[in-house]
Amino acid sequence: MNNRIQISLFILLLLALGSQAPAQDEVYLKIQSEGYNKINLIIAPFRAEEQLEATEQIRGIMINDLTLSGFFNIIDAAQTIMALGDTGTGTQAITGAQVQASLSYRSDQINLKVLLSELPSQRKIFEKKFEGQQQSLRWLAHQASDEVVYYLVGERGGATTKIAFISQQGNGKELAVIDYDGAGFQRLTSSGVLNLSPRWSPQGDKIVFTSYIMDNPDLLILRLSDKKPYRISKEAGLNTSPAWSPDGKKIALTLSKDGNPEIYVMEYASRKLQRLTNHPAIESSPSWSPDGREIVFTSDRSGSPQLYLMDAQGGNIRRLTFEGSYNESPAWSPRGDRIAFVSRDNGRFHICTISVTGEDLLKLTDGPSDNENPCWSPNGLHIAFASNREGRWDIYVMNWNGTQLRKLTRTGGNTSPTWSPRLTQN
Amino acid sequence: MRIHKILGLLLSLLLIITWASCSKKVTKTAPQIGETSAPAPSPPPIESERQIAPIDLDVKETAETTEEIVFQDINFDFDRYDLTPRARDILANHARILKENPQIKLTIEGHCDERGTIEYNLALGERRANAAKEYLVKYGIDPSRIRTISYGKERPLDPRSNEEAWAKNRRAAFVIRN
């Protein structure tokens, strides 16, 4: 009996005994609901008459998507069935769900038919067709994965999201983008200058960022439909650290036009400015609460950078962080309950989260490296950030509680990730 | 006709000579490390390669950019933007040079060391550049001659990750604008 058979039998045995997710996963999924267990999900072999390689590729992408979603215990039926020499699906003992799929190819076109059914009843949950061109094979698989997540969990999956970031390219720091799983690197600008702090709009159609293209840190918008940048703020001094309001109608930002870095809100359509802070110290790095009513930001009014909360109109300012002498880069979770930020500890910079009431500080990264620019996935279950833990700066993703770390880029010189909302097209 | 031409040529030659002799007042401060800000002695003017000078008066403006004035950086403590006594001395000297050379316009760049976040360091660099500007303005320099720009931690002088490099990188740099 080889190892694979042993492992497969072990898994089946576990499933037969009734699956229990480990304690750590329970904590992870508490953000979703109390006492939530991972769902057993069998991925059957995909059927196709031709192009078996493409078929395997699509299946592999979906298995990866569904694993990364964090909601499932994935059982790769191609492996278990082969190992058991079983011709049937061997699913009688499992409580959960099963994904079956068939593919057909016509010239450039891929047709993916997915059947999702409940186990052990075999009752059909949905049967759905996904169509696309060969070159958007990955996107097709991501769409199917998100649909499976939606029907089983009641929550939109994150496979159709992307992450934009700043990538060192020659002398320039350029905007670049990859799929959420690290595939499909694409450069968005070739300016040869310094570009910083990209923030993806809530509608997904544009990215706001700071650019030195006109020899001043101005605020630019890159429209993703035609990749054209245009300038929306060119005040003297800083036009930095932009943050979209959740409805995408306003941008909070740092301006120093009145002599000192302060937080303003720009109404995007009219470019009208409203000043929110008024203090001789540095104010910077705003981030909105998901209901748009509050803003978290950084101020050094106490003598060191710390996080503060205020109403979206600028009133009711109160301090949030008291531990440590350097707390910056706040990012409010889309679920509203926690704020991720960067904290200096022992001379190194680490990603932490804290509840909006200032309690329950969690340190998510550790060790002799620096970790910066935390940003949340749209469903609030993952955090992307930049780290130099392997020497060079690259983008990483982890679960909201610091587990399941994965490296997204490998070229070095990559910083400042910003997560897209769920996108309707590639 | 011929006399007119010769006269014209002579006149232009005279103009060039007088202009060249009085316009080349060169002040140069070599970057100094350690000692406080006594200006270095002025080196002899560097001859520019002027051949035929048109009578155009515009020439004067372009030719003057051949002067070599270097403004020394000032440095800051970690996460601070207040001026150290040494930075004040250096700035006082910069103010003197600016007064002597009213044609000079400056861009003051604010920089930080690599530690800390991109966005906060941009704000910190801005404060450093502004602190330097405010001090020069207090010395009577017209604020319209000075522009500031912050590069945060994006343009280190020394790319290493140690105290020595960090100390060098926390600076305001003075760039003459043409």
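Lettering follows sequence order; numbering is per chain, from 1.
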Contacting moiety of Ile118(B), where chain A heavy atoms sit under 4.5 Å: both

Segment of Pro242(A) engaging chain B (4.5 angstrom heavy-atom cut-off):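 For Pro242(A), no heavy atom lies under 4.5 Å from chain B.
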
Contacting region of Leu238(A) [heavy-atom separation from chain B under 4.5 Å]: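 Contact with chain B involves both backbone and side-chain atoms of Leu238(A).
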
Chain B/chain A interface donor-acceptor pairs under 3.5 Å:
{"residue": "Tyr81(B)", "atom": "OH", "partner": "Asp300(A)", "partner atom": "OD2", "Å": "3.2"}
{"residue": "Thr117(B)", "atom": "N", "partner": "Tyr326(A)", "partner atom": "OH", "Å": "3.3"}
{"residue": "Thr117(B)", "atom": "OG1", "partner": "Glu328(A)", "partner atom": "OE1", "Å": "2.2"}
{"residue": "Glu119(B)", "atom": "OE2", "partner": "Ser197(A)", "partner atom": "OG", "Å": "2.6"}
{"residue": "Tyr120(B)", "atom": "N", "partner": "Glu328(A)", "partner atom": "OE1", "Å": "3.4"}
{"residue": "Tyr120(B)", "atom": "OH", "partner": "Asp300(A)", "partner atom": "OD2", "Å": "3.4"}
{"residue": "Glu126(B)", "atom": "OE2", "partner": "Ser256(A)", "partner atom": "OG", "Å": "2.8"}
{"residue": "Arg127(B)", "atom": "NH1", "partner": "Asn260(A)", "partner atom": "OD1", "Å": "2.4"}
{"residue": "Arg127(B)", "atom": "NH1", "partner": "Pro280(A)", "partner atom": "O", "Å": "2.7"}
{"residue": "Arg127(B)", "atom": "NH2", "partner": "Pro280(A)", "partner atom": "O", "Å": "3.4"}
{"residue": "Arg147(B)", "atom": "NH2", "partner": "Asp215(A)", "partner atom": "O", "Å": "2.6"}
{"residue": "Ser150(B)", "atom": "O", "partner": "Tyr212(A)", "partner atom": "OH", "Å": "2.4"}
{"residue": "Lys153(B)", "atom": "NZ", "partner": "Glu372(A)", "partner atom": "OE1", "Å": "3.1"}
{"residue": "Lys153(B)", "atom": "NZ", "partner": "Glu372(A)", "partner atom": "OE2", "Å": "3.2"}
{"residue": "Glu154(B)", "atom": "OE1", "partner": "Lys173(A)", "partner atom": "NZ", "Å": "2.6"}

